[in-house]
Amino acid sequence: MTPESFIQQKAAEAIKALYGVDTDASTLQVSVTRKEFEGDYTLVVFPLLRISHAAPEATGNAIGEYLVANVPEIASYNSVKGFLNLLFSSVYWDEMFASIASDPDFGQLPSTGKRIMVEFSSPNTNKPLHLGHIRNNLLGDSVSRLLKAGGNEVIKATLINDRGVHICKSMLAWKKLFDGKTPESTGIKGDHLVGDCYVAFDKMYKAEVKQLMEEGMSEEEAKKNAPSLVEAHKMLVQWEQGDKEVRDLWNMMNSWVFKGFDETYKALGISFDKVDRESDTYLLGKELVRKGLEMGVFEKEADGSVWCDLTADGLDRKLVLRGDGTSVYITQDLGTAERRFSLYDLDSHVYVVGNEQDYHFQVLKLILKKLGFDWADQIYHLSYGMVELPEGKMKSREGTVVDADDLIEKMYEEAKATSEESGKLADVSPEEKERLYHMIGLGALKYFIIKVDPKKTMLFNPKESIDFNGNTGPFIQYTHARIRSILRKSAEQGISYGPEDITTEIVPSAKEIRLIKLIGILPQKVQEAVSALSPAVIANYSYDLAKEFNQYYHDTPILKEEDASVLKFRLQLIDTLSSVLRRAMDILGIELPERM
C-alpha cells in the first residue's frame with residue numbers, strides 16, 4: 001500500500017467516526033507535502049466541508065486530532081487553510097520498510113490483463129546498425145521491460161525491411177563494382193559489406209546525375225533518369241515477379257546482413273519474441289489495397305498507381321502502390337498491422353520509430369480507420385528525437401554514420417581506460433576485468449541514451465557517458481558494487497540479518513527515512529514511466545537512489561555501528577536498496593556488478 005492510499009484509507013475511517021458518513025477513500029486528494037510546510041503527505045480538506053459543515057481549519061484539526069490519537073503511524077499534524085499536513089511516525093516507516101524487504105516482487109505492478117506489442121529496431125538490410133538504431137533498440141527494449149513491469153503481457157517484435165528499391169541499390173552496386181566479394185573472402189562483417197555496397201551505389205548515382213546535368217538535363221530530370229536508379233527500380237520489379245537470378249542474389253546478401261545483425265543484437269543484449277520480414281508481409285498490404293479500391297477508400301490513376309486522398313482530413317494524397325505494381329513502405333505496414341492485431345488479439349501496438357516518421361504514422365492510423373479497423377486507435381507511435389554527435393548529424397548513404405559495432409567496441413575501450421585510470425578494478429582478476437569492462441561500457445551506453453526523455457534530440461558523447469561520479473550508468477554500477485562489498489564484509493564477520501530485524505524499537509534517522517521514502521516510490525515511478533512511455537523516469541530515479549545512498553554512506557557508520565540491532569537494521573536497509581536498484585536498472589536492461 002502506498003503512503004497516499006494509506007492516508008486515504010485512514011482519513012476515510014476518521015470521517016466515518018467523526019461525521020458518520022461513508023466516503024470512497026480513493027476520491028480523497030492526497031499528495032506529497034510541499035517543502036515549505038512540515039509534513040510528509042497532505043490531505044486536501046476543502047471537498048470535505050460539505051460533510052463536516054465546519055470551517056476548513058476546524059475540519060482539518062478534527063481529522064488530524066483523530067488520526068494522531070487513533071493511528072500509531074501518524075505522529076503529528078498541522079492544518080493550514082484547508083490543507084491537512086501529516087507527519088508519519090517511525091512506526092509507519094518501519095512497517096513500510098519491512099513490507100518492501102519481504103516482497104520479492106516489489107516494483108512489479110499488478111496484472112492489467114492487456115497484451116501489448118512493441119515494435120522496434122526494424123532495420124533495412126542495406127546497411128549495418130548505427131548509433132540511431134542503438135537509441136531505437138535501447139528505447140524499444142526498455143519500453144518493453146517497462147510495460148511488463150507495469151503488469152502487461154508484452155510481445156517484442158521487429159519488422160526487417162528486407163525488400164525495396166534501397167535493397168536493390170546495394171545489390172546492383174555489388175554486381176557492378178564488388179567483383180564477387182563476400183564476407184568470407186574479405187573478412188568484413190556481412191552487414192558492413194552490404195553497407196559498403198550502398199555507399200558505393202550513392203557515389204555511382206551522384207556521378208551519373210552530374211554527367212546528365214552537364215549534358216543539359218535539369219537536376220530533377222537527371223535524378224529521375226540516372227541509369228543506376230532506373231536499373232535499381234527495374235531490379236525491384238524483377239524481384240516482385242520472382243526472377244530467380246535477382247532472388248538468389250537478394251537471398252545471399254540478406255543472409256550476410258541477418259548474421260551481422262544477430263551479432264550486434266547479442267552484443268547489445270537485445271532479443272525479440274517475433275521477427276517479421278517485409279518480404280513476407282508486403283503481399284498482405286497489397287491485398288488490403290485491392291479491398292480498399294473496392295470500398296472506394298483508394299483510387300487508381302491512369303498510370304496504374306493507387307492513392308488515398310486524405311486532403312479532407314487535413315493531410316495530402318498518399319501513394320499506396322506504384323504504377324509498376326510495386327509496394328511502398330505504407331503498403332507493408334498496413335498488411336503487417338492487420339495481421340498482428342488479428343493473430344495476437346492485441347490491446348495496443350507501440351511503434352518505436354524516430355520523429356521523422358510522425359507523418360507516416362498519422363497516415364497509417366487514418367487509412368486503417370478508413371478501411372474499417374477500429375483497433376487503429378490502439379496504435380501508438382513512440383516518436384523519439386535523433387541522436388547527434390559533437391561533429392553533427394549522420395548520413396547512411398554518404399558513409400558518415402557511427403557504426404553500432406564500432407561504438408560498442410569504443411565503449412569497451414573507454415570503460416577499460418577509465419577503470420584503469422581510476423584504479424577501481426586493481427584487485428580484480430584479468431578474466432573478471434574483461435567481463436566488467438564490457439558490462440561497464442554497455443551500461444554507460446544504455447544509461448546515457450535512456451536517461452534522456454525519448455522526445456528530445458540528444459547529443460551523445462562516449463567519454464562523458466563513462467564517468468564514475470556523474471549521472472551515469474557506471475556511477476550507479478559502482479554504487480551497487482559498493483553496497484555488495486559492505487554486505488560481503490558483514491557476512492565474513494558472521495553478521496546475519498533479515499526483514500525480521502526491522503522492528504518498531506528501531507527509530508530510523510532522518511537520512512534513513514529519506515532512503516525508505518525513496519525506495520518505497522519505485523511502484524509509483526514505474527506507473528509514471530508507463531503512463532509517459534518514458535524509461536528516462538526510471539533512469540533518473542535510479543540515479544537519485546544511488547546518490548542518496550552515497551550521501552547516507554558518507555555520513556553514517558554501518559559496519560562500525562556498535563548497537564547490534566541498529567547494525568542489522570542498516571544492513572537490511574542497504575541490502576533492500578541494492579535489490580530495488582537492480583530491479584529499476586533491469587527495466588533499463590542494465591546489469592549491475594557484484595564487485596568493481
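Counting begins at 1 with the first residue of the sequence. Just so you know, these numbers use all the heavy atoms, side chains as well, and skip hydrogens, waters and symmetry mates.
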Does a side-chain heavy-atom distance below 4.5 Å link Asp276 with Arg339? yes
Using a 4.5 Å cut-off on heavy atoms from C-beta on, say whether the side chain of Ile587 contacts that of Ser142. no
Donor-acceptor side-chain pairing of His360 and Asp333 below 3.5 angstrom: yes
One pair to check against side chain to side chain contact (heavy atoms under 4.5 Å, CB included): Leu236 and Arg163. What are the steps and the verdict? CA-CA 8 Å; Leu236 177 60; Arg163 59 157 297 285; 3.7 Å; yes
Could you label the plane-to-plane angle of the Tyr412 and His438 rings as parallel, tilted or perpendicular, counting under 30° as parallel and over 60° as perpendicular? parallel
Kindly list each side-chain donor-acceptor pair under 3.5 angstrom involving residues 291-302, sequence neighbours excluded, with atom names and distances?
residue : atom : partner : partner atom : Å
Glu294  : OE2  : Arg290  : NH1          : 2.5
Glu299  : OE2  : Arg317  : NH2          : 3.3
Glu301  : OE2  : Arg317  : NH2          : 2.8

Taking Gly325's backbone N and O only, do any of them form a donor-acceptor pair with Lys286's side chain (distance below 3.5 Å, no angle check)? yes
Report yes or no: does Asn126 contribute a side-chain atom to a donor-acceptor pair with the main-chain N or O of Ser170 at less than 3.5 Å? no
For a side chain to side chain contact (heavy atoms under 4.5 Å, CB included) check, start with the C-alpha distance between Thr125 and Val194, then their side-chain angles and the critical distance, and finish with the verdict. CA-CA 8 Å; Thr125 56; Val194 174; over 6 Å; no
CD of Glu414 to OG of Ser465: how many Å apart, nearest 0.5 Å? 7.0 Å
Tell me, do Tyr447 and Asn471 make a side-chain contact under 4.5 Å, heavy atoms counted? yes
Is a side-chain N or O of Asn355 found less than 3.5 angstrom from the main chain of Met386, in a donor-acceptor match? no
Show your reasoning for whether side chain to side chain contact (heavy atoms under 4.5 Å, CB included) applies to Lys451 and Leu588. CA-CA 9 Å; Lys451 75 175 181 179; Leu588 310 182; over 6 Å; no
Tell me whether Lys446 is salt-bridged to Glu591, with the criterion being a basic N under 4.0 Å from an acidic carboxylate O. no
Looking at Lys369 and Asp377, does any basic side-chain N land under 4.0 Å from a carboxylate oxygen? yes
Taking 4.0 angstrom as the limit, do Lys266 and Asp262 come out as a salt bridge? no
Does Asp105 reach the main-chain N or O of Gln108 with its side chain, forming a donor-acceptor pair under 3.5 Å? no
From CD1 (Ile450) to OG (Ser542), nearest 0.5 Å: 10.0 Å
Quick one: pull up OG in Ser121 and NE2 in His133 and give me the separation to the nearest 0.5 Å. 6.5 Å
Could you grab the distance from atom CZ of Phe448 to atom CE of Met411, nearest 0.5 Å is fine? 8.5 Å
Report yes or no: does His381 contribute a side-chain atom to a donor-acceptor pair with the main-chain N or O of Gln362 at less than 3.5 Å? no
Is there side-chain contact between Met252 and Leu249, with at least one heavy-atom pair below 4.5 Å? yes
Asp303 side chain near Arg322 side chain, heavy-atom distance below 4.5 Å: no
Backbone N or O of Ala415 within a donor-acceptor pair of the Thr418 side chain at under 3.5 Å? no
Exercise: do Asp141 and Tyr265 side chains pair donor with acceptor under 3.5 Å: no
Rounded at 0.5 Å granularity, tell me how far CG in Asp196 sits from NE2 in His192. 9.0 Å
For the pair Phe201 and Ser228, evaluate side chain to side chain contact (heavy atoms under 4.5 Å, CB included) and give the outcome as yes or no after the intermediate values. CA-CA 8 Å; Phe201 176 91; Ser228 58; 3.7 Å; yes
Between Phe261 and Asn124, the two heavy atoms sitting closest are CZ-O, 3.5 Å
Can the positive tip of Arg135 be found less than 6.0 Å from the middle of the six-membered ring of Tyr384, inside 45° of the ring normal? no
Centroid separation Phe341 to Phe373 less than 6.0 Å: no
Check: Thr336 side chain, Gln332 main-chain N or O, donor-acceptor pair, under 3.5 Å: yes
Could you state the interatomic distance from CD1 (Ile590) to CG (Leu442), rounded to the nearest 0.5 Å? 8.0 Å
Tell me the closest heavy-atom pair linking Ala376 and Leu368, and the distance in Å. CB-CB, 3.8 Å
When every non-hydrogen atom of Leu193 is compared with those of Lys181, the smallest separation belongs to CD2-O, 3.9 Å
Glu338 and Leu284, any side-chain heavy atoms less than 4.5 Å apart: no
Checking Asn161 side chain against Glu278 main chain: does a donor-acceptor pair fall under 3.5 Å? no
Would Asp191 and Lys189 pass as an ion pair if we require N to O under 4.0 Å? yes
Under 6.0 Å from the NZ atom of Lys223, do we count more than 12 heavy atoms belonging to anything else shown? no
Measure the shortest side-chain to side-chain distance between Met235 and Glu231 over non-hydrogen atoms and say whether it is less than 4.5 angstrom. no
Quick check: do Asp162 and Trp250 have side-chain heavy atoms less than 4.5 Å from each other? yes
Would you say the rings of Trp256 and Phe178 are close, in the sense that their centroids are separated by under 6.0 Å? no
Considering only NZ, NE, NH1 and NH2 on the basic side and carboxylate oxygens on the acidic side, decide whether Glu528 and Lys525 come within less than 4.0 Å. yes
Distance-minimising heavy-atom pair for Pro128 and Gly195: CD-CA, 3.8 Å
Taking NZ, NE, NH1 and NH2 as the nitrogens, is one of them in Lys175 or Glu245 under 4.0 Å from a carboxylate oxygen of the other? yes
Treating Arg582 as the side-chain partner and Leu592 as the backbone partner, does any N or O pair qualify as donor plus acceptor under 3.5 Å? no
Parallel, tilted or perpendicular: ring planes of His349 versus Tyr351, cut at 30 and 60 degrees: parallel
Closest approach of Ser327 and Glu240, non-hydrogen atoms and distance? N-OE2, 3.4 Å
Just by distance, with hydrogens left out, do Thr264 and Asp405 show a side-chain donor and acceptor under 3.5 Å apart? yes
Note: Asp406-Lys410 ion pair, threshold 4.0 Å (strictly below): no
Write down the atom of Leu139, the atom of Pro454, and the distance for their closest heavy-atom approach. CD2-CG, 3.8 Å
Can you tell me if Lys127 uses its side chain to pair, donor with acceptor, with the backbone of Tyr198 under 3.5 Å? no
